[in-house]
Amino acid sequence: MTNVTSVTPRKDFLSVLDFDAADLERCLELAARVKADRVLGPQAPTAAALSGRYVAMLFEKSSLRTRTTFEIAVRELGGSVIGLQPEAALGQREPVADVARNLERWIDAVVIRTFSHQVLEQFAASACRLHVINALTDAEHPCQVVADFLTLREHWGALRGRTIAYVGDGNNVATSLAHASALLGVNLHVASPDGYRLPDTVLQQSTHAAVHGARLRLFTEAADAVAGVDAVYTDTWTSMGKEAEAEVRRHAFAGYQVNEDLMSLAKPGALFMHCLPAHRGEEVTSDVFESPASIVFDQAENRLHGQKALLLMLLAPRAAT
Ligand code: CP
Ligand code: NVA
């Protein structure tokens, strides 16, 4: 059984795989708790957990959900938010390692959205006192899937043994979904066209991390991946930074749209998920997006609670127990 009372201090959250299965279970428990406590406002048990602490936001790509919810999360935990200029901190002005070594002299944590996962890792490795949180790189989007599994817990109760189909690009969201599914005992089917499959390393990592028989299976046909599953997840065909490939991608992914026909192959009552932003008429039809099966705004809402839990686990592990 998962021990949810002991806290393993973690410096960074660059990947879901920075957590073990017990950490991730704990994080979901904590997220549910802070969500329920939010109604207490300043009386919430964690309302001053980050008092006197500074958390910087460093976003090199656009963001609505991640940035807004991190800023609210820090403030509702009693901390202070510092906005950093990406051109000053991740540009050519000075080496990334020097930026990190400056920041750790003043602040406690940085939430970073950037392109290269290696740059993020270099940033985190350069400053041993600075907590670094991945707010999305080209390779992974770990904060997203904390919210996703919090949402699924709310809808399903137990997660273990459920099956999700991810239809589309084997991208950052698909990678973090594979990692988290493995740690939570959830089966994942991923359907992608040739050239856009999940990287082999992600397959290996997920197989290695899997608990309770969680299985990751890759498919070419979307219909095969979706048959009988409990939820269908998709994401944009063209991620940020890949805009020049948009036309080529529209053709490559034409057979991977989540529409009513595809949803009808899933289990009756299956849920529809999307990290957002969504492109109606591309990866999902408007009718599926707006259907009762769609839990996309529950996912968006839970970004706040998931990220509060992450901040507590990294910055205030005692308050996280
Ligand atoms: N899903 C998500 O990360 O949204 P933003 O890009 O708006 O932060
Ligand atoms: N895969 C998308 C996710 C956006 C939240 C992107 O990287 O643009």
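Note that ligands are numbered from 1 as they come in the structure, with each ligand's atoms numbered from 1 the same way. Hydrogens, waters and symmetry mates are skipped; everything else that's a heavy atom, side chains included, is used. Residue numbers start at 1 and run along the sequence shown.
Backbone and side-chain nitrogen or oxygen atoms of Met240 are examined, and one is located within less than 3.5 angstrom of a nitrogen or oxygen of ligand 2. Checked by distance only, ligand 2 and Ser239 come closer than 3.5 Å through their nitrogen or oxygen atoms. Remark: ligand 1 and Pro277 share no N or O pair separated by less than 3.5 Å (distance only, no angle test). The distance criterion of under 3.5 Å between nitrogen or oxygen atoms is not met by Lys61 with respect to ligand 2. Polar contact check, Leu276 against ligand 1: a nitrogen or oxygen pair lies under 3.5 Å apart.
Listed by atom number, the atoms of ligand 2 under 4.0 Å from Asn172 heavy atoms are 1 (N), 2 (C), 6 (C), 7 (O). Against a heavy-atom cut-off of under 4.0 Å, Leu136 is close to the following atoms of ligand 2: 3 (C), 4 (C), 5 (C), 7 (O). Close contacts of ligand 2 with Leu276, meaning ligand atoms under 4.0 Å from a residue heavy atom, involve 5 (C).
A distance-only check finds no donor-acceptor pair linking the side chain of Ser294 to the backbone of Ser291 [under 3.5 Å].
Of the residues listed (Thr175, Leu177, Val173, Val16), the one engaging His141 in a side chain to side chain contact (heavy atoms under 4.5 Å, CB included) is Val173, and it is the only one. Here the options are Leu304, Leu77, Val81, the test is side chain to side chain contact (heavy atoms under 4.5 Å, CB included), and the partner is Ile72; only Leu304 passes.
Ion pairing between a basic and an acidic side chain is recognised when a charged N comes within 4.0 Å of a carboxylate O; Arg10 and Asp20 show such pairing. Remark: Glu29 does not engage Arg33 in a salt bridge, criterion side-chain N to carboxylate O under 4.0 Å. Electrostatic pairing of Asp98 and Arg101 counts as a salt bridge here, judged by a charged N lying under 4.0 Å from a carboxylate O. A salt bridge links Arg249 to Asp169: at least one charged side-chain nitrogen sits closer than 4.0 Å to a carboxylate oxygen.
In terms of protein heavy-atom proximity, atom 4 (O) of ligand 1 is closest to Arg65 NE, 2.8 Å. The nearest protein atom to atom 2 (C) of ligand 1, hydrogens excluded, is given as Arg303 NH1, 3.3 Å; this is a heavy-atom distance.
More than 12 heavy atoms of other residues, nucleotides or ligands shown are found within 6.0 angstrom of CZ on Phe219.
Using 4.0 Å as the threshold, His141 has a heavy atom nearer than that to some atom of ligand 1. Look at Leu136 and you'll find every heavy atom at least 4.0 Å from all atoms of ligand 1.
Only the side chain of Arg113 comes within 4.0 Å of ligand 1, counting heavy atoms alone; its backbone N, CA, C and O stay farther away. Under 4.0 Å from ligand 1, heavy atoms of Leu64 appear from its side chain as well as its backbone.
Below 30°, between 30° and 60°, or above 60°: for His274 and Phe289 the angle between ring planes is above 60°, a perpendicular geometry.
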